[in-house]
Enquirer: 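Structure in structure tokens, see below.
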Amino acid sequence: MADATAAIASTVQIECASESIIVHISTEGRTDFHGLVYPRGLSKNSSCLQEYRSQPSPITYNLPLRSCNTMPTELIH
């Protein structure tokens with residue numbers, strides 16, 4: 001039986017793009033990540049849910065705009 005170690009997020013970086021919010025998550029000790037990433041309250045929405053299996057750190061999660069309870073805003077200068 002393989003030794004399962006929980007991956008704990010050590011660093012989270014957010015990048016705003018024109019069509020999505022990109023989330024980069026690093027784990028402590030660069031442990032592979034096994035699990036699900038989704039916005040709070042949207043675990044049943046398959047377009048917002050991303051499953052990872054043995055994913056090396058860091059993982060990248062793309063949260064699409066105009067869905068998943070997000071929307072773009074235009075900045076006017």
Side-chain angles (χ1 to χ4, degrees):
M1 183 158 112
D3 181 28
T5 303
I8 299 171
S10 60
T11 305
V12 177
Q13 296 178 321
I14 308 296
E15 180 182 340
C16 296
S18 61
E19 297 296 321
S20 66
I21 299 169
I22 305 164
V23 182
H24 304 280
I25 305 168
S26 296
T27 57
E28 287 183 356
R30 310 292 279 181
T31 307
D32 286 356
F33 182 79
H34 311 271
L36 305 172
V37 177
Y38 54 87
R40 179 179 288 177
L42 297 176
S43 62
K44 304 274 191 256
N45 185 334
S46 63
S47 65
C48 303
L49 174 75
Q50 179 66 50
E51 182 177 7
Y52 299 90
R53 295 175 191 250
S54 301
Q55 182 68 39
S57 180
I59 63 169
T60 300
Y61 171 68
N62 288 295
L63 178 63
L65 294 179
R66 295 186 173 86
S67 63
C68 303
N69 294 340
T70 60
M71 59 186 288
T73 59
E74 298 296 325
L75 295 177
I76 301 173
H77 296 281

Enquirer: With a 4.5 Å cut-off on side-chain heavy-atom distances among I, L, V, M, F, W and Y, is there a chain of contacts connecting Phe33 to Val12?
Expert: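 Yes; tracing contacts between hydrophobic side chains, which count when under 4.5 Å, links both residues.
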
Enquirer: Check whether any side-chain N or O of Ser10 sits under 3.5 Å from a backbone N or O of Ser26 as a donor-acceptor pair, and report yes or no.
Expert: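 Here the side-chain-to-backbone pair exists.
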
Enquirer: Answer yes if Tyr61 and Leu36 sit in the same cluster of Ile, Leu, Val, Met, Phe, Trp and Tyr residues linked by side chain heavy atoms under 4.5 Å apart, and no otherwise.
Expert: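 No; tracing contacts between hydrophobic side chains, which count when under 4.5 Å, never links both residues.
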
Enquirer: Could you check Gln55, His24, Gln50 and say which one makes a side chain to side chain donor-acceptor pair (under 3.5 Å) with Thr60?
Expert: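 In the set Gln55, His24, Gln50, the residue that makes a side chain to side chain donor-acceptor pair (under 3.5 Å) with Thr60 is His24.
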
Enquirer: So which heavy atom on Cys68 is nearest to which on Leu63, and how close?
Expert: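 Answer, listing the atom of Cys68 first, then Leu63: CB-CD1, 3.6 Å.
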
Enquirer: Side-chain atoms of residues 38-45: list all donor-acceptor pairs with protein atoms under 3.5 Å, sequence neighbours left out, distances to 0.1 Å.
Expert:
{"residue": "Asn45", "atom": "OD1", "partner": "Ser47", "partner atom": "N", "Å": "3.1"}
{"residue": "Asn45", "atom": "OD1", "partner": "Ser47", "partner atom": "OG", "Å": "2.7"}

Enquirer: Rounded to the nearest 0.5 Å, how far apart are OG of Ser57 and CD of Glu28?
Expert: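 So the gap between those two atoms works out to 10.5 Å.
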
Enquirer: For Ala17 and Ile22, work out which heavy atoms get closest and say how close.
Expert: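 Result for this residue pair: CB-CD1, 4.1 Å.
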
Enquirer: Under the criterion side chain to side chain contact (heavy atoms under 4.5 Å, CB included), I'd like the reasoning laid out for Val23 against Val37: C-alpha separation, chi angles, the key distance, then a yes or no.
Expert: CA-CA 10 Å; Val23 182; Val37 177; over 6 Å; no

Enquirer: Kindly compute the distance separating CD (Glu15) from CD1 (Ile21), expressed to the nearest 0.5 Å.
Expert: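 The CD atom of Glu15 sits 11.0 Å away from the CD1 atom of Ile21.
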
Enquirer: Between His34 (side chain only) and Arg53 (backbone N and O only), is there a donor and an acceptor less than 3.5 Å apart?
Expert: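 No.
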
